[in-house]
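All figures in this text were calculated on a predicted structure; none of them were measured in a lab. As the structure lists them, so they are numbered: ligands from 1, and atoms in each ligand from 1.
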Amino acid sequence: MILSIESSCDDSAIAITEIATKKVIFHQKISQESEHSIYGGVVPELASRLHAVALPQILSKTKEYFPKLKAIAVTNEPGLGVTLMEGIAMAKTLSFALNIPLIAVHHLKAHIYSLFIEKEVILPIVVLLVSGGHTQIVRVKSFDDMEILATTMDDSVGESFDKCAKMMGLGYPGGAIIESLAQSGDKNRYILPVPLANSPLIAFSLSGLKNAVRLLIESLGGENMSHQDKCDVAASFQHTVLLHLLQKSKKLLAKEPIKNVAIVGGVAANQYIKTGYEKLCNSLDKKLHAVDLQYCSDNAAMVGRYAIELYNNKIFTKLDLLQANTTQKHKNNTKL
Ligand code: KG4
Ligand code: ZN
């Protein structure tokens, strides 16, 4: 079995995965959403302190598996330096105490492998990765052959949902709140500009849309606007994000011979976006693969799943060399 740890942002999670069967034997996550909500976003120092409490709490429930562990896996990039360090310190301690190897896991590769939790891999596959930190389309040929085909030029999709919700005084994280309000909203009441609509670039950009929605919200009275106005803004915003994702993905996927397509990351939990993307895939004769809802947002089971590939290929990291890689600060230049 592999014990895996995730602490790259505001979720503390630990999983135990059986290497041969890929079964998730144990998984627990403690989310810090309510603690960060009052600030409208993640406060790194607070997140780090909360991980220091939550991770040992979860770990204490995994002791019975210690004799069966073959390796310790931990997310080491990209993420917040101070929160990554919490998971890494725990991983190093366990590796040293149990005398088993360490596996360093790239958070985005883990999101991609969330597709294959308790399943065999489906490769090659083209993946739309939409999370709070990233928005990319990645061609995945194997666990160590991933190529970024398109990326955002500024904000990520998840971040834009969060900001839209924050501007309407709806709390953090905003994605699920916007999706739920949009169900009672009219997406055609306000027309927002589809980003890069007239540009030949195959890239994403969310900052212009964020500005347009900010002006709209201000014109409607900001946080004090009526509930129905909030629902209509949410529906219009969500629809415009979908149109942007579809327009750029269509151009790219139409030229791509690979038949398998997937959406991963926190935003993959959004049913409206998933359904729209599925229609696009069907029209292009592609098959859309989905991540189980429980594994869309950050979790440790995906870290364990990707770690199985590294374990089977004997790719380990030495105790003294494992560090949080915080050089990849900008979401649009993250390397895979
Ligand atoms: O993958 P994730 O848990 O963390 C990162 O790696 O960034 O993604 C979190 C993001 C947040 O921005 C959150 O608002 C968004 O995913 N999200 C959603 C939904 N559920 C979570 N966005 C849109 N619709 C949702 N239902
Ligand atoms: Zn993530």
Proximal atoms of ligand 1 relative to [X] (non-hydrogen, under 4.0 Å):
X    : value
H107 : 6 (O)
P173 : 14 (O)
E179 : 25 (C), 26 (N)
G133 : 7 (O)

Checklist line | N282-E278 side chain donor-acceptor pair, cut-off 3.5 Å | finding: no
Next item on the list: Measure up the Y306 and Y113 rings against each other and bin them: parallel (under 30°), tilted (30 to 60°), perpendicular (over 60°).
Entry: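 Plane angle over 60°, so perpendicular.
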Margin query: If I take atom NZ from residue K163 and atom CG from residue N211, how far apart are they, to the nearest 0.5 angstrom?
Written below: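 Nearest 0.5 Å value for the NZ-CG distance: 10.5 Å.
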Check: At the Zn ion (ligand 2), what angle lies between atom OD1 of D298 and atom NE2 of H107, rounded to 10 degrees?
Finding: 100°
Check: Quick one: does ligand 1 sit under 4.0 Å from the side chain of H111, the backbone, both or neither, non-hydrogen atoms only?
Finding: side chain
Next item on the list: Select one of side chain, backbone, both or neither to describe which atoms of D162 lie under 4.0 Å from any atom of ligand 1, heavy atoms only.
Entry: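 The answer is the side chain.
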Next item on the list: Would you check if the Zn ion (ligand 2) lies under 2.8 Å from any N, O or S atom of H111?
Entry: yes
Checklist line | Any N/O pair G158/ligand 1 closer than 3.5 Å | finding: yes
Check: Are any of the N/O atoms in S297 less than 3.5 Å from those in ligand 1?
Finding: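 N/O-N/O distance under 3.5 Å: no.
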Checklist line | atom 21 (C) of ligand 1 - nearest protein heavy atom and its distance | finding: G266 O, 3.4 Å
